Amino acid sequence: MITKKLLINKESYENSINEAAAILNDGGIVAIPTETVYGLAASAKSDTAIKKVFEAKGRPQDNPLIVHISNMDMLNFVAKDIPEKALDCAKRFWPGPLTMVLPRTDYTAPSVSAGLNSVAVRMPSHKTALDIIEISGLPLAAPSANVSGSPSPTSPFHVENDLNGKIDAIVYDNECAVGVESTVISFCVNPPRLLRPGAVTKEQLLEIIPDLAVDKAVLKEPEKDAKVESPGMKYKHYAPKTSVFLVEGDSDEFIKFVNSEKDCSAICFYEEFNQITVPKLSYGEGENEESLAKGVFSALREIDNLNLEKVYIHAPSKTGIGLAVYNRLLRAAAFRVIKL
Ligand code: TXA
Ligand code: MG
């Protein structure tokens, strides 16, 4: 298959979004930008289009997809019995990086929900994404546009690297502003539960949902065969070929530790870069968790170019969006944490 390049600039914008919408209406699959990461979109109503998404990504069949909407009418088509608190969250955080798991209607194809009777819904804030949804008139099911298990794509070139030749088109927009996937909360359990941390922080959600629970899998390895609320959390994720170790400690400790190790590389904070003597990349400023979120997936993609056996990554703080970065790195590290 030849993957079409749909460029986004002043002259091509209208043509590109119209073409993306047309392909989606024809049952095709298109990588689109969102504010979090690039998504691989398909009509949420078409079982055959959804099957193509699972196939292109090599995604396990039991891992459900997020449905992307552009207005509140669409929410009422795809979900029912929506609790008041969920509507409060929609008012406060949509459009934006929050996904809510709600009871589903029969509007979307069952394969979207991988057999569950819930549906995950989010209204992205990215203009290109919203315009494509609006013009196509379709709620779009879209997982991250990477090969399953590899780091999520924050630029169209990451998508190209993983999926060129396997999907109908890629929309070439800018790098993603947030850099980690949306926060996921479930309203299908009582009390509502944070399943995946993201840019809408636990602290912000607690203001609306004071009894919000945090799923164990956010910071711990799910036990084998345990029932998990979010199927995505049990799979190996975000892992480069290089063996990843997450390292907790202050800057002095981290620098001293990696400089004394052999055959390794480091992913550090900007401010540590000049003092590290092994091959290294930095992924953001240690004190600025937003910058770490923006840089984390690119760094995980680039580390294999250094061709070393191991990489030690300096862990961020677990507050604000730092919790989301920590959660992704923990999975990239297959839960191997070194505490200095
Ligand atoms: O920011 C994002 O959320 C990006 C962009 C493209 O919107 N999408 C994304 O999709 O990260 P994906 O498929 O990589 O992650 C979806 C997560 C998975 O962990 C999945 O298990 C969970 O959401 N999920 C989806 N539907 C669910 C449901 N009905 N119940 C529980 N978890 C669900
Ligand atoms: Mg993903």
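Note that the structure is a prediction, hence the values are computed from the model and not measured. Read the numbers this way: they start at 1 and go in the same order the structure lists the ligands and their atoms.
Comparing I66, L98, V67 against atom 23 (O) of ligand 1, the shortest heavy-atom distance belongs to I66. For atom 1 (O) of ligand 1, the nearest non-hydrogen atom from the set N63, T36, T34 comes from T36. Closest to atom 15 (O) of ligand 1 by heavy atom, among H237, M100, R196, E181, is R196.
More than 12 heavy atoms of other shown residues, nucleotides or ligands fall within 6.0 angstrom of atom NZ in K318. Residue N9 qualifies as enclosed at atom CG: its count of foreign heavy atoms under 6.0 Å is above 12. Around the CD atom of E261, the shell of radius 6.0 Å holds more than 12 heavy atoms that belong to other residues, nucleotides or ligands.
Counting atoms of ligand 1 from 1 in the listed order, those under 4.0 Å from a heavy atom of H68 are 5 (C), 6 (C), 7 (O). Close approach of ligand 1 to G39 is summarised as follows: ligand atoms under 4.0 Å from at least one heavy atom of the residue are 6 (C). Listed by atom number, the atoms of ligand 1 under 4.0 Å from S118 heavy atoms are 28 (C), 29 (N), 30 (N). The contact set between ligand 1 and P143, taken as ligand atoms under 4.0 Å from a residue heavy atom, comprises 10 (O), 12 (P), 13 (O).
At a heavy-atom cutoff of 4.0 Å, ligand 1 is contacted by the backbone of A142 but not by its side chain. Only side-chain heavy atoms of R59 come within less than 4.0 Å of ligand 1; its backbone N, CA, C and O stay farther off.
For a threshold of 3.5 Å applied to N or O pairs, the pair formed by S182 and ligand 1 contains at least one separation below that value.
At a threshold of 4.5 Å between non-hydrogen side-chain atoms, the residues H158 and P151 do not count as touching.
Between K280 and E272 there is no salt bridge, since no side-chain nitrogen of the basic residue lies less than 4.0 Å from a carboxylate oxygen of the acidic one. The pair D211-R193 does not count as a salt bridge, with every side-chain nitrogen at least 4.0 angstrom from each carboxylate oxygen.
Among residues two or more places apart in sequence or in another chain, the side-chain hydrogen bond (donor to acceptor under 3.5 Å, both in side chains) test is passed with D173 by T128.
Looking at H314, its side chain does come within 3.5 Å of a backbone N or O of G249 through a donor-acceptor pair. Remark: side-chain polar atoms of R122 are paired, donor with acceptor, to backbone N or O of G96 under 3.5 angstrom.
For the Mg ion (ligand 2), the neighbouring protein N/O/S atoms at less than 2.8 Å, given as residue and atom, are S144 OG.
Side-chain contact, Y326 with E248: a donor N or O sits under 3.5 Å from an acceptor N or O.
A heavy-atom separation below 4.0 Å is not found between R104 and ligand 1.
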